[in-house]
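Have a look at the structure below, then the notes.
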Amino acid sequence: MGKTRLEAFSDGVLAIIITIMVLEMKVPHGASLDALWPVLPVFLSYVLSFVYVGIYWNNHHHMLHLVRRVSGGILWANLHLLFWLSLLPFATGWMGENHLAAVPSALYGVVLLMAALAYWILQRTIIHVQGPESALAGALGRDWKGKLSPLIYVAGIVFSVCAPGLGMAFYAGAALLWLVPDRRIERVVVQSHD
């Protein structure tokens, strides 16, 4: 099976996730700048989640450039990733509406952690199907960012319980870690087109 349908479906789901998140933001009552203050936590939660969806879309896009064929296992692993990402609008909205309270902030971290694990499972499934000598396996190498991120999310979850602001700092730090596209995969894609 080709990868075109997988890419199109994933792109569509990620676009819907972003749309749902922005539609969850309520317009403030009042025309002054002071009216924006109460919705600031909702807006900041949206910005962070938008960045995360963008990171996943970007890295997913690069990773799929290295996929030659799609198996049923890859389809299911991809759906598993999309499931966790589809929970971001709920977690984002709950956290923002409750001004970064402990339990909603911790749940947000759990969703981020599970999405990271689902992405790792998708990578491993692709490598399993294409073999340990595949371009993706070679591009990932030691994958220090992929191994560090779940630890950051766990720290964020733990700190969210007692200091939600600090937990958010961990989540934002992990996003900053991934904000630059993964150059390892880009290099392999460029080399394969030369």
Check: [Y] and [X] side chains under 4.5 Å, non-hydrogen atoms:
X: Ser10; Y: His60; result: yes
X: Val158; Y: Phe170; result: no
X: Leu79; Y: Phe9; result: yes
X: Tyr119; Y: Met63; result: yes
X: Leu117; Y: Leu113; result: yes
X: Leu136; Y: Val67; result: no
X: Leu140; Y: Ile127; result: yes
X: Leu82; Y: Asn78; result: yes

Ser71: side-chain contact (heavy atoms from CB on, under 4.5 Å) partners, not counting sequence neighbours: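 Ser71: side-chain contact (heavy atoms from CB on, under 4.5 Å) contacts with Ile74, Val129.
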With sequence neighbours excluded, residues passing side-chain contact (heavy atoms from CB on, under 4.5 Å) with Leu151: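 Once residues adjacent in sequence are excluded, Leu151 has no partner under the side-chain contact (heavy atoms from CB on, under 4.5 Å) criterion.
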Verdict with supporting geometry, Lys3 and Arg69, side-chain contact (heavy atoms from CB on, under 4.5 Å): CA-CA 6 Å; Lys3 61 183 176 181; Arg69 63 182 180 87; over 6 Å; no
Residues clustered with Ile16, ILVMFWY side-chain links under 4.5 angstrom: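 In the cluster with Ile16 are Ile20.
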List the atom of [X], the atom of [Y], and the distance in Å for their closest heavy-atom pair.
X: Ile121; Y: Ala77; answer: CG2-CB, 4.3 Å
X: Pro132; Y: Ala137; answer: O-CB, 3.3 Å
X: Pro28; Y: Leu36; answer: CG-CD2, 3.7 Å
X: Ser160; Y: Pro164; answer: O-CG, 3.4 Å
X: Gly109; Y: Tyr153; answer: O-CB, 4.3 Å
X: Ala35; Y: Gly30; answer: CB-O, 3.7 Å

Honestly curious: do [X] and [Y] fall in one hydrophobic cluster under the side-chain, below-4.5 Å linking rule?
X: Tyr56; Y: Phe83; value: yes
X: Leu112; Y: Met114; value: yes
X: Leu177; Y: Val51; value: yes
X: Phe90; Y: Val103; value: yes
X: Trp37; Y: Met168; value: yes

Whether over 12 other heavy atoms sit under 6.0 Å from Trp120 CH2: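 No, CH2 of Trp120 has 12 or fewer neighbouring heavy atoms, counting only those of other groups under 6.0 Å.
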Leu176 CG: over 12 foreign heavy atoms closer than 6.0 Å: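 Correct, the count exceeds 12.
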Within this structure, what is the [atom1]-[atom2] distance for the pair [X] and [Y], rounded to the nearest 0.5 Å?
X: Ile18; Y: Leu14; atom1: CD1; atom2: CG; result: 7.0 Å
X: Trp144; Y: Ser149; atom1: CH2; atom2: OG; result: 8.5 Å
X: Ile126; Y: Leu64; atom1: CD1; atom2: CG; result: 6.0 Å

Ser45 and Tyr108: side chain donor to acceptor below 3.5 Å: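 No, Tyr108 and Ser45 have no side-chain donor paired with an acceptor closer than 3.5 Å.
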Donor-acceptor side-chain pairing of Trp57 and Asp11 below 3.5 angstrom: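 Per modelled atom types, Trp57 and Asp11 side chains form a pair under 3.5 Å.
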Trace of the side-chain contact (heavy atoms from CB on, under 4.5 Å) decision for Leu48 with Leu44: CA-CA 6 Å; Leu48 183 60; Leu44 293 176; over 6 Å; no
Full working for side-chain contact (heavy atoms from CB on, under 4.5 Å) between Leu40 and His99: CA-CA 9 Å; Leu40 185 62; His99 298 247; over 6 Å; no
Is there a donor-acceptor contact under 3.5 Å from the side chain of [X] to the main chain of [Y]?
X: Gln130; Y: Thr125; answer: no
X: Tyr171; Y: Ser105; answer: yes
X: Asn58; Y: Gly54; answer: no
X: Asn98; Y: Ala101; answer: no

Whether Phe50 and Tyr46 hold their rings parallel, tilted or perpendicular, with breakpoints at 30° and 60°: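 Tilted, since the angle between the ring planes falls between 30° and 60°.
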Aromatic plane relationship, His80 with Trp84 - under 30° parallel, 30 to 60° tilted, over 60° perpendicular: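 The rings of Trp84 and His80 stand perpendicular, inter-plane angle above 60°.
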Sole candidate of Glu24, Met21, Met25, Lys26 that passes side chain to side chain contact (heavy atoms under 4.5 Å, CB included) when paired with Val42: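 Only one option passes, and that is Met25.
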